[in-house]
Amino acid sequence: MKILVLQLARLGDIYQSWPCLRALRRQHPQAQVDVMVRPRFDQALEGLEAISGRVHLPTTDILSPVFRSEPDLKEAIHRLGAFLKNLRAQGYDQVINLSFSPLSSYLVHSLQTKDCKVAGYTRHRDGFFDIQGEVSAYFYAQVGPGRSNRFHLTELMAGVAGVTLRKDDWHPPTLPASSQELPPRYVVIHVGASEAKKSLPPFKWSRIIRYFSESAKLPIVLIGAPNERVISEGIVSNPGPSEIINLVGQTELPELFSVLRRASLLVGCDSAPMHMASLTQTPCLNISLGAVNFWETGPRSSRSYVLLAPTPEEVVSEYVGIIMTEILSGQEPRGLAKYSEGNPCYEVSESDAERFCWDLNMAVYLGQTFPMTDDLRFFEGCTKLNSINDLVIEQLEQVQKVGLEKMKPILDRADEVVHTIGDLVPELKIYTRWLKAERARVRPGPLKDIVEATWAMHLSLKQMLRPYVIETDNVKEEGIHG
Amino acid sequence: MSQDVEKYLQNTLQMLEKAYEKHQQTQTYNQDSEKLKILIEMVKEQQSHENTGLTAR
């Protein structure tokens, strides 16, 4: 058996794919499991014993002819064709897309041969977006910042691949020890992040280290990429009582496993080292800034915590210093999200509104009981959405008699109204996004089949709205066919 | 990313999109259409930086 897994995102996401790839190997011990990554992120596969081979997406080589002074489109198409042909010739039995991007969806469809099974984002035969699998449809509709998903990305990837994770899928690779000489105990700080807006400025880090040093005397090891040197230099130029060992820009990425494994604690923002620490099972204090959804990408090692802050300015240095000391001394810091084994994997104090959204998500996707709320706005929104949905169902019944052309403007308008209602009542987006994902999954084919599939989808929506529809003299729930 | 590079990418993208539209005027969606779509998406990714961004964002 031959399996190709596409992981075209960045370093952190590649590391978060490791547990899934290990579970895939366990499920198919004899299979050839190849992983497609971008060449510049290839290092993040180093030491991963579960895979057979790596495939590089040669973006630069393929695109270079169109970037010439006289663009040569034919040559670019030829190069892309040769790349795809070579991959198709491998005869993959399964292609698993863990990338969730438009590019990856086209690539997957291009690689899909007759007997090849596909999981994740792909394309229909007419080029429209398609989603293969329930978990991928859930991902499309409900995952990302500002959405109510609480499943961790590692679990979602496993769901897409159709594998079940075990605790020991999180373990570090066997790599040579780091050449860096480090003290027996230390705390690691990753000074950067995947994006500048998700990291703290040098002054803030200096203050945190200073406050930490007042109660604990552990050395601090700074890590980061070469382009993060400026942050580390800013930190070491304000020395405090703690010994600071600056390794920023001095370590290869895989070498960090050795540095992290021996650390007592990793402190940092949303970044690849945080995901590497989940593999080394190093306790983490994740400073989660802005729109990052920690439920999806937070640390997964025991005694890990997430501190939420909308902006770097709102991170209180003294508080962070105290929390670091508490974690190291085995105390339970208050007011933070705490990692716990399970799925979802954090314990938090939450508002009723947050809980409601998550419970509604679970009702829609996992058939759990629909949660109750006293929010009239939500009831009114559901009632309006239900009315529009009834209209769509009626129109779909007419399509068979009068043809799609006459009904299309009404259906398009209804679609717009559905999404406007979702914008007005954010909780309703759980429904409207579900609808959007289901619509993408309707296959091209005879009009009759498309109408039937769409009709069934709207009927399901009606069922899911039922608990919240206000019955009045003007709005009566009736059977679908009246 | 400099404005020049951004503009250059935008022009390349327009060239590819035109080629796709022209192709679709005479043929239904096929492997050639898909190759053009892949090139379009590859260029779009260059516009921010050489990556699609993080998986869940």
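- Aromatic ring pairs are classed by plane angle as parallel below 30°, tilted from 30° to 60° and perpendicular above 60°; the pair A/W295 and A/Y346 is perpendicular.
- With a threshold of 4.5 angstrom between heavy atoms, B/I40 does not approach chain A through any atom at all.
- With chain A as the partner, the residue from B/M15, B/M42, B/Q31 showing the most heavy-atom pairs under 4.5 Å is B/M42.
- When heavy atoms are compared at a cutoff of 4.5 Å, B/T12 approaches chain A solely by way of its side chain, counted from C-beta outward.
- Within the 4.5 angstrom heavy-atom criterion, atoms from both the backbone and the side chain of A/I77 approach chain B.
- Of the charged side-chain nitrogens involved, none lies within less than 4.0 Å of a carboxylate oxygen, so that B/E34 and B/K37 do not count as a salt-bridged pair.
- The environment of OH in B/Y8 is crowded: more than 12 heavy-atom neighbours from other residues, nucleotides or ligands sit within 6.0 Å.
- With a threshold of 4.5 angstrom between heavy atoms, A/L63 approaches chain B through side-chain atoms but not through N, CA, C or O.
- Rounding to the nearest 0.5 Å places CD1 of A/I430 at 5.5 Å from CD of A/Q142.
- For A/L84, the part sitting under 4.5 Å from any heavy atom of chain B is the side chain, from C-beta outward, and nothing else.
- Between A/Y140 and A/F100, the ring centre distance reaches or exceeds 6.0 Å.
- Salt bridge present: A/R300 and A/E155 bring a charged side-chain N and a carboxylate O closer than 4.0 Å.
- Residue contact with chain B, scored on non-hydrogen atoms closer than 4.5 Å, involves the side chain of A/R123 exclusively.
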